[in-house]
Each structure stands twice: as C-alpha cells, then as structure tokens.
Amino acid sequence: MTDALSDADTSNVVLIGCYGFTALEDLPAVRDNLIRLRKVLTDVGVWGVPGDRVEVLEQPSGEGQVVAAVKRAAAEASDTLFVYYAGHGLLDPEDSNDLYLALPESCKDDHHIDSAIRYDTLKRYIRSSRARRKVVLLDCCYSARAMAGAMGSGAANLVHKADVDGTCLIAAARETALALAVPGEKYTAFTGVLLEFLERGVEGPQELLSMSMLYDAMRSRLKGASRPEPQMNSRNAAAQICIARNRAYVPERPPLLPARRERRSDAKPLGHDPMSDLKSSLVRVLSVTGEVVGVGFLISADVVCTCAYVVQHALGVPPHTEPLPDTHVDLDFPLLDGRPRARGGGTSWPDGGAKNLAGLRLGAQVLGTRPVPMVDESGMWGHPCHTFGYPAGSEHGQWAAGVLRALQGSGLLQMEVNASGTTIGPGYGGAPVWDELLGGVVGMVVTAERRGHTVYLLPSADLVDSLMLRPPCPFPGLAAFSESQAELFQGREADIDRVYATVSRQPSTLVVGPSGSGKTSLLRAAVLPLLRADGLGVTSVQLAGTPPAVALARTLADVLRLRPGSAERLHLAEELESLLEADGDVSADLHDRFLDRLGGTGHVLFVDQLEEECTRQDPEPVRHLFRLLDRLFEADQDNVLKVVAAGRPEVLDVLPNSEPPTVQFLASLNANDLKQAITAPLATVPALRFEPGLPDRILADAGEAPGRMSLVQHVLTELWDRRTPSTLTHDAYNSCGGVAGAFAVHAERMFLLLPEDQPERVRRLLVHLTRPGDGEAFVCRPVRTAELAPELVVTARMLAGARLVVLSRPSGSAGRADEIVELAHEALTRQWPRLKEWLTESREARLWHEALRTQRERWERQQCGPAYLLTRPELAEAHRRLAADPEGISADDLDYILRSGRRARRRACWRTTAFWTLAVLAAAAGAAVLKLVI
C-alpha cells in the first residue's frame, strides 16, 4: 500500500545542476531541468512544496556550497528530504567503484579527479537527516554506482552505498552506462521523462504517484525509446513514498477490454446523455463574496476550464492581469446533489491569456464528478447544440439552444442562438457547448454579440492541447502496451480470443512470435485484463538473471499476500525456495496455503521476454523454471495456479521435453487490423484526428516489412509530438521522414548507445542481411542464424530487442538452425546514413559474395557435383577475399570454398601424377626404340 502524500510544508528540496564546465562537455539541457523541476514540485496540483523550502544550486562554486545546502535541508526537513543532481558522473581511475558528481571546475585525467563531490559525502548527510523519508534522484552517467552491489567482484566495496533507512534512490543509468542528453532536446532524457509523468501522471486507480509507480513508468518509456534504463534502490518500503498527486488518476475504472468486446455495433457513443455529462462536470465560478461570475467545466479529473476574464473577475484583479500561481478561486458543482464546493489553484494561462483561456487545478477529484467528453469541431455545420449558464437574475441557471456554424477568421467557432429562445450574454462565459449529433463538447463560450444571438466559442482542440492539460500519447512507440492502455490496444480480436481461451483451459501457456509482433502487448493489455475480469489474480515473475527458484519463490510469497519487504515475506520466500529445490514432490501444504489465500479464485503467474534468459550462454535457467512450474502443477490438482509466458522463437529450443507448455503462435497483423491499430487509439483523444489519407499512407510506406508494427508505432509517436492542436498531419509525417526516416533516427540513436565491442559486429551483421539490387540500391536478404558466426547471433538477438532486426521461424520448423534473422525494413538501407555508407563501401564485396552464393546454391541443386565447384581463377579470387576479410564470409560459403580447394588440390595432384607417368612412359618407350635400333 502506498504512503500518504509527503507533507509539503515539512519537506525540503535541493536541486543541484551543473551545465557549464571548464574541462568537460557542456550540458545546456540541465539548466532547463532545474527550472522546470522547481516549477513542477512547487505546483499545488503536483506536490506544492513552498518556494522557500526549495533550494536550487545552479553551477555551484564548490563542494562546500553543495554540502552546506544538503546539510541545511537535511536538518530542516521532518517529513521528506528530496535531493536531485544533474550533470556529469565521473569514476575515479584509482577506485572505479566510487561515483563522483562533477562541478563546473571538475577535471579528470588518468590518475585522479579534481573538484568533484564524492557521492558518499552527500550520502552521509542524507543518512543523518531526521526526515522520515528520503528521495535521491541522480541524472548522470554511471549513477547506479550509488546503489548497493554493483560491479560484480567489486561489490564488497559498494555494499550499503544507498542503504539508507527510508531512502528511495533512482539513478538515470546503470553502473557501467552513460546517461543521455540529446543535442536539441530541451531536457535530458531521464529528467524529461520524470517531468512528463510528474505533470501528466500515470493512468490508473491510484490517486498518488508512488516512487515505484514513477520508476516503472519512466523505465518503460525510456526502454521503449532505446534510451538508458534507470535503476532504483529502496529500503524499508521507501518505494511507496509519494511526492506527487497522480493527475491521470482514474477512479474505480471497470475492466475496459471486456466492456469493449461486448459493446454492440449500434451502441450509442459514450456520453450520449448531455444532462448526465454536464451535471457531473459543470461548475460555477464564485467571487470572494460568493457571487456567480461565470461558468466552467471539467476537462480532466482535476482540471477546470473557464475563461481568463472569469477568473480575473472572481479574484477582483484588473483585466489582462495574470494572477499569482498560489491564488485560489472558489467553485461549486451546482447540478450535483448538495452542490459540493471546491477550490481551484495553480492557475494556468496558455499563451499568456491571449486565447481568453484559463485552467484551475483542483487539489483532488470531487466525488461524483467526471470530465466531459470532447469532440472535434470539423464537419459540424448545422449541428444542433445547447449550453448552460447563469445570466443575471437566474439563480438556478438557464439552458440555451442554437445551431453551430464554422470557424471564423479569428479561429473561434460560431454559434447561432435560436431567435425565439434564451439569449447568451454575461453569466455564460466559460460554459461548455454540447454538440447533439457528435455527443460531446465542441467548444467553450468566450464572447457574444450585443444582442446575444451570435456567440463565439473557443474550439475544443484549443482546450485540450494546452499547458493545463496535456493528453497522454495513445501510442506506445517501441514499448509494449500496458494493462492501463487496454482500450488503446486494437486489431487483435481473434488472437485475443484464441490465447484467452487457451490460458483459461491450460495450466501453462507460451505465446511465441517474431520480435515486434506484439506478444507482450497482447498479454498485458488484453489477455491479463480479461483474466482479472474473471476474478483471477495476476503477478509478474521477475527473472532478470535471478535464479529461477529464487524468482519464483519471491513471486509466490507475494501471491500469498504478505506485505512486500516485510521480514515475514522474506522468511517465507526462503522457505519456498528450499521447498521448490528439494527432491520429491512439492509439499501438499503449499497447495493448501494457496487454496486458503486465494479462496479458489485462481492466480496467474506472468513471465515476459523469456528470450532475454535464452540469450545467456547457458539456457538452463529457462528449462529449470518450467521444471519448477511443472512440479507446482503436479501438486495443484484444483488448477489454482496458471502460468502464461511470452518469448521469441528461440525459446522453443530450450523448453523441457516433459510436460512442455501449450504453445500459441502469434503472427504480424494484416493490413486491415494494422489500420485499426493505427486509427482506434487516436479516437480516444478528445478533438484530435488524422488528416485524411494519412493512415493509408503510413500503411503503404510500412509495406510488408517483417518489423512494420514497430516501425508504425514509432512513427505514430513522432507524429504525436509534431501534432497541431487538432490534427496529426501529412506535413508532420514528411518532416520526420515517414516510417523509414523516423526509424532511421531511432537506429542511429540505438547505435550510439552500443557497448564498445558491438559496433563492428553490427556493421558485419547488417551488411550480411542485404544484397545489391538494381543500380545503387540494396535489398533485404533473410539469413538463417546457422549461417552466422556465434558472436553475430548474439548481436542479432540484441538488435531484435531494439527492433532493428526481426527474428522469426518458418511454420513447421523445429530446430535452431531454422531461425531466420532479417532487417526490420528495407528502407533503412536508404534512410539510415550510417548503414547506407557501410553498404556503399562494401558494394563490390557484396556483389562477389552474391555471385559466390549463387554458385554455391547451383552446386547444391546439382547434388554437389564436382563440376560446379570453383575453378582455379575463381578459387584464387576467393582466397584473396578471405585474406582481406576472413570474418565476412558465411559458414556455408566458406565450406564451399574449402571443398573447391580440396578438389583443386586433388586435380593438381592428379595432373602432376599424370605428367610424371607420361614422362616415365615416354622415357621407357624411347629406350625401347633405341634398343630396337641398336
């Protein structure tokens, strides 16, 4: 269970940032990190720390200034101490286990570091703080070295580095990895994602953001973008510290997927009852004396939208005055029973109030309220509409009806009020206007002509795409869909039904498909929600290199519903591990425990990305995991436990021979389903649409490439970032280079993050996966992994995780030799400059390789006839190529060359033997003739 929100008034924040250096590379994004992070943490809608309890150290002059600030904050904080550092992380050449935080004057040579802070120095003061909770965020290279147990054999020197009671430490990068500050991006990669989730929240039923929720969301987003993955270390339930309200909180959300699957095709759109929707959303804005000065409405669970002049009137400030951030406005919900009251603060003024738009953020969601559905204003000419306001003398409010027209030159939407009905004037400012045909709010009343029959609205798109409400991206990019994104996962209905039915019947199910086919998304966003709707619990088994018995025991201990992190839970995990590894049958006592705890409803263990364990030198852990699960199932005659796992095709080679799981194969989406996967998620975002023809253009550009699903999702996220207030456009698609261009940028970003030993292997592999085409073009060439050197197979599996290549297996194949690796999309050969350069440089060699491969295949078709082996000149050229690039020839081609060489040597030997035989015969014949003459 998460903690309560940290008390802002008794917490202290220290933000340390270094962005200009005398001897190191400058990091200009760090300055923006500090500015934005301070604004977010002091926002009452996020945390609301008073400004005088936040100390920002920009370009600190030395260690003493930093230590003094941390020491001061540690002494003053009683609830939460929050310490953040962004800059360069440095390693001491004499003791690489220690992490140093760079200062502006820091420098480093081969022997020592000057003018930097040793992290242990700050840790000493953090540990001594009387604050009950501590949060440390390190946005620098090697930052995970601040945690316990890093660096293998050197771990003994690092024990307890982050081991501070009640402390949660999140590091931007692993202990051997670099953090990332992309040139041209406003924030560093780690802090940019941190700010995003603090400001927008993480969709789900939690009202507060715990550090574990924040970390999981950040890790998923950064991993999906192939950026450095953050690491977290927490002690004594510190992962449940909450420093932010969850702005994406969705109360008591029903299972979305089952509801969607059962909805009839003729069902009315959500929010079809305007009275119900407006009653739960509409607010009155009150002055300090309680007078009604205007109207507003909820556009999210805790954001009220109204006119800027309404807020100014309520606060009693002059027109065009921007109120201070800590001012509050009184509100009530007049159409709800009891007229519940609220206060709106943290006023937002998009475009400085130029649009006459203001946003008021509530401290918490008001019971019984919900935001209105909003619709796009395109194609609404002649649509009937109505609104609700509080004109002078109308204590209970009045409805007004009219007809919508179109956008006019100023960008406002025109509405004509019925001549015989109520006119619209003062008291309607900020009111929502409901489109009766589209079933949602199409805009907000801003102004009206003097007689009140012509009214002008700010379109709904301008209300959504603003500083006060940033809708979350409905596309996951290269990450998988999560359970909270169930309604966004579309196009897999038949596969969902098939896999769900199998999991429901079988104790153990394995979903297998090529990289990028959507295995994890299908399970997380579709099958698991359906299982939860059936009353089953779901828990993930976290392997990540942990021995299977340990990982499974920890998971089972959690399933038994003991508090994570408690001594009782740890003791039980150790007991279960011993039980699982013991000889003989699993104790019936364990089965009885599950029956007692689960009440017969059942529980599902979910294991994702099994291939990550298979890529290790020893695939035995995966086999052992399934053997342990088999033993559990033998004891579980009541089918209380189930397991569902996902993996790439190589997983099939390491399954146990006895009692293997039921395998369900997953293919890539067809064109129609992929189009639904493109268009349906955007329909969940109010007032946003695709420009006509753009989805079809994306489909056409994706073609039939094996990795097209990943490419499409990636380009959709790029379009989202480049959207206009109401549209994803063709211009944005052109600017990011289309499907292939956007993915080429991702490919280069991933390449720059490779370990030192990988770039040359990546070059060899990708060149091997192509062949010259017409003119200067190159085309993809699928290759069996059996043809690749072992180190290139490892590289291929790594690149499959980054979606640059696809690993698959033809249907009906059974062995590892049948596994196929191919480039994700042929357009990368044209759009990725680095790959294009590699291919151009290797063109002559690739032409020779293709000619050699053609000869070899002809030799194989002719039952390996010797007449089709290489001739002596061809063999000489092959030997020259081998000497120049011994690693650039496949195993099959090398075998062909060696066979040709052996035949050539035999022929040479035969010719030599024949020559000397003829010579001897000739000599003997000459002697005989001479004897006859004599």
Where is the tightest heavy-atom contact between [X] and [Y], given as atom of each residue plus distance?
X      : Y      : result
Met415 : Ala401 : CE-C, 4.2 Å
Gly368 : Ser280 : O-CB, 3.7 Å
Phe489 : Ser521 : CE1-CB, 3.5 Å
His328 : Gly345 : CD2-CA, 3.7 Å
Leu362 : Val366 : CD1-CG2, 4.2 Å
Cys307 : Gly429 : SG-C, 4.0 Å

Evaluation steps, ring-ring contact (aromatic ring centres under 6.0 Å, His included), between His730 and Tyr733: CA-CA 5 Å; His730 286 280; Tyr733 186 70; 7.5 Å; no
Rounded to the nearest 0.5 Å, what separates atom [atom1] in [X] from atom [atom2] in [Y]?
X      : Y      : atom1 : atom2 : answer
Thr387 : Leu278 : OG1   : CG    : 7.5 Å
Leu37  : Asp32  : CG    : CG    : 12.0 Å
Leu209 : Gln206 : CG    : CD    : 9.0 Å
Leu437 : His383 : CG    : NE2   : 4.5 Å
Cys385 : Arg405 : SG    : CZ    : 9.5 Å
Arg341 : Leu331 : CZ    : CG    : 8.5 Å

Answer whether the closest heavy-atom distance between the side chains of [X] and [Y] falls below 4.5 Å.
X      : Y      : answer
Val417 : Thr454 : no
Leu407 : Leu412 : no
Arg532 : Pro529 : no
Glu196 : Arg221 : yes
Tyr187 : Leu195 : yes
Val295 : Val283 : no
Gln713 : Phe481 : yes
Val40  : Arg36  : yes

Worked check of side chain to side chain contact (heavy atoms under 4.5 Å, CB included) between Val712 and Ile678: CA-CA 8 Å; Val712 165; Ile678 292 172; 3.7 Å; yes
Asp337, CG: over 12 other non-hydrogen atoms inside 6.0 angstrom: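 No, the 6.0 Å shell around CG holds no more than 12 heavy atoms from other groups.
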Check against side-chain hydrogen bond (donor to acceptor under 3.5 Å, both in side chains), Gln414 and Gln408: CA-CA 7 Å; Gln414 186 172 330; Gln408 41 123 254; 5.1 Å; no
Between the main-chain N or O of [Y] and the side-chain N or O of [X], is there a donor-acceptor pair closer than 3.5 Å?
X      : Y      : answer
Asp435 : Val442 : no
Thr306 : Gly430 : no
Thr717 : Gly477 : no

Parallel, tilted or perpendicular: rings of His714 and Phe743 (30°, 60°):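 It falls in the perpendicular class, over 60°.
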Geometric class of the Phe475/Trp720 ring pair [parallel <30°, tilted 30-60°, perpendicular >60°]: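 Because their plane-to-plane angle is over 60°, the rings of Trp720 and Phe475 count as perpendicular.
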Electrostatic pair Asp696:Lys675 at N-O distance under 4.0 angstrom: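 A salt bridge links Asp696 with Lys675.
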Salt bridge present between Glu199 and Arg245 (N-O < 4.0 angstrom):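 Salt bridge between Glu199 and Arg245, a charged N being under 4.0 Å from a carboxylate O: no.
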Exercise: do [X] and [Y] side chains pair donor with acceptor under 3.5 Å:
X      : Y      : answer
Arg722 : Ser735 : yes
Ser287 : Thr289 : yes
His453 : Glu416 : no

Step-by-step side-chain hydrogen bond (donor to acceptor under 3.5 Å, both in side chains) determination, Glu449 to Tyr456: CA-CA 8 Å; Glu449 291 185 355; Tyr456 299 100; 3.1 Å; yes
Pair Phe197-Met213, side chain to side chain contact (heavy atoms under 4.5 Å, CB included): steps then yes or no: CA-CA 10 Å; Phe197 288 114; Met213 287 175 59; over 6 Å; no
Partner of Phe297 under side-chain contact (heavy atoms from CB on, under 4.5 Å), chosen from Thr369, Val303, Leu463: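 For Phe297, the side-chain contact (heavy atoms from CB on, under 4.5 Å) check succeeds only for Leu463.
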Verdict with supporting geometry, Cys305 and Leu357, side chain to side chain contact (heavy atoms under 4.5 Å, CB included): CA-CA 7 Å; Cys305 177; Leu357 173 63; 3.3 Å; yes
Mind checking salt bridge (Lys or Arg N to Asp or Glu O under 4.0 Å) for [X] and listing every partner two or more places apart, or none if nothing turns up?
X      : result
Arg343 : Asp330
Asp216 : none
Asp332 : Arg284

Residues Thr729, Asn734; criterion side chain to side chain contact (heavy atoms under 4.5 Å, CB included); working and verdict: CA-CA 9 Å; Thr729 66; Asn734 294 335; over 6 Å; no
